[in-house]
Amino acid sequence: MIKEKLFKYLTLTAALCSVVFLFGIIFSIFKEGYSIFAEVGFFKFIFGRSWHPTHYPPEFGILPLIVSSILVTAGALLVSVPLGVGSAIYISELAHPKGKEILKPIVELLAGVPSVIYGLFGMAFLGPFISRVFGLPVGLNALNASIILGVMVVPIISSISEDALNLVPRQLIEASYALGANKWETIIRVILPAAKSGVISSIVLGFGRAIGETMVVLMVAGGATSIPRSIFRPVRPMTSAIAAEMGETTMGSSHLHALFGIAIVLFVITFISNLITEWVMRNRGKNGA
Amino acid sequence: MKKLGMFLSLFVLMSAVFTGGNALYAASKSITITGSTTVLPIAQMAAEAFMDIHQDISVSVRGGGSGVGIAALIDARADIADASRSIKTKEIKLAREKGIDPYANVVARDGIAVVVHPDNPLDSISIEDLKKIYTGEIENWKDLGGPSKSIVVISRDYSSGTFEVFKELVLEGAKVIDGALMLASNKAVSTTVSTTPNSIGYIGLGYLSEDVKALKVDGVKASEETVKKGEYKLARPLFMYTNGEPKGIIKTFIDFIFSPQGQKIAREVGYVPVK
């Protein structure tokens, strides 16, 4: 009895820890960051087009950083959604059991590669390759970051989508075959729609992962602070601006507050994407499949 | 009674934490160094050599950046702050408020080399042209007598010490063009320049390698002698800030850095000795 109670409270403490950490993080970034909104003005901070934090007078407009983040993340999803969902369909529906046994861990292994190694690959191989193929002066750009991030996100989309596909009830699939549908029709018309909410939440999770990734974009995105006019331009996503500039900035300066301000914006974006995932997942229960 | 005991132990613990590490450090004879990644290699190698001689003193060295180092010195979390820039007025003010008196020890000098791809025909550049390139006034190599190719401008990040010195010595208050690639480390700049034919970048003298070509600046080659003689214009001092003039074991360490052995280390990691 006592043991049981003890166990209950121990696990409760563990659960509460996450809550404390989350609120601690939220509190500290807002505490450090809110002053920049007051100092620069909300609209000037979010929609300002010039980021020159150490210039005199400093300019704290983060629109180029936001646009960079969105561009790179959208590009990453263009790469990862077809690859991730495609491999999930193959692994769950089409592969021979032996093939599945080999393929699944390999895709998941992609998630285990440290991001700095992805970054090195992008810097030393993909960059020069891109600049040669497209005739660009430099290969560190949004395209490079998109490709590398896309590959990083594949295992997330693939494994969560695959779980969702596996959960589609057998009866539904058998009914489809019974109606004379072939494998392709069954997958596209029956299985994918039934697993829709799982696939969508895997994509939203992938989005959150891609927009929050730091090391890779720091290494391969190029870091220019102009608003990118194409995917071939070097860009500076929010995460890389924070990571690159935090170390050397002066404590207590507006620059530091501005970096925390970027962190708030980033936090709000990922928070919303997580809310969407939750919402989609919850609706799945209501709709029955 | 039990509660009182807990309070007491908590109190002792807290006061140990809050009275600042200094007293504790001295007792266990250790030195904490934090700061600029530019100074890091000197601090690290010197610390190792120093601990071989003084086995009763332990020296721990961390990077993090000039700003982080100076903040740590101000908060008494570090005995020595490595910095690749001089301390700012704001930081001095903050330090004074906390009873810290930052004292600058110039331990070495660092030249900033302007580098291009090895295939670039250019050999020399003036500071004026350099400024024009980084502010976007010159966008093509043909304006400097090279082939008609657009220039890929590569810079260090806004808050890096190297950028700050470059800004001061070359840009003179002007803004870097928005389209410049802002990279996070000397290594990243040198790798990118070596793989990008029409690029120009700048790195610490210690990071020069065969993969990139260093340009003469205002006709002077970037080298140890020219920096030491003050002929090469893109050079800066490297600091180890201490709280007041160094005393005790901290003085022993700083003295070691200034000794022939310490200065040899500075040279080995690519900087210019001061003594």
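Treat the numbers as computed from the prediction; the structure is a model and nothing was measured. We name chains A, B, ... by the order of the sequence lines, and we start the count at 1 in each one.
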Are [X] and [Y] ion-paired here, with the side-chain N under 4.0 Å from a carboxylate O?
| X | Y | answer |
| --- | --- | --- |
| Glu172(B) | Lys167(B) | no |
| Glu91(B) | Arg96(B) | no |
| Glu245(A) | Arg236(A) | yes |
| Lys213(B) | Asp123(B) | yes |
| Glu213(A) | Arg209(A) | yes |

Note to self: Can you list the residues of residues 117-144 of chain A that sit under 4.5 Å from chain B, counting heavy atoms only?
What the structure shows: Met123(A), Pro128(A), Pro137(A), Val138(A), Leu140(A)
Next item on the list: Determine the option with the most heavy-atom pairs under 4.5 angstrom with chain B, choosing from Glu59(A), His52(A), Arg233(A).
Entry: His52(A)
Check: For Phe37(A) and Phe30(A), what are the C-alpha separation, side-chain angles and deciding distance, and is it a ring-ring contact (aromatic ring centres under 6.0 Å, His included)?
Finding: CA-CA 11 Å; Phe37(A) 292 97; Phe30(A) 275 84; 8.3 Å; no
Note to self: Is any side-chain heavy atom of Arg49(A) closer than 4.5 Å to one of Ile227(A)?
What the structure shows: yes
Margin query: Please classify the contact of Ala83(B) with chain A as side chain, backbone, both or neither, using a heavy-atom distance under 4.5 Å.
Written below: neither
Item checked: Ala188(B) portion near chain A, given a 4.5 angstrom heavy-atom threshold -> both
Note to self: Under 3.5 Å, is there a donor on one side chain and an acceptor on the other for Tyr158(B) and Thr225(A)?
What the structure shows: yes
Note to self: Can you tell me which of Thr195(B), Thr191(B), Asn198(B), Thr192(B) forms the most heavy-atom pairs within a distance under 4.5 Å of chain A?
What the structure shows: Thr192(B)
Notebook entry, point to check: In terms of heavy-atom pairs under 4.5 Å, which option from Ile70(B), Ile151(B), Val152(B) contacts chain A the most?
Noted result: Val152(B)
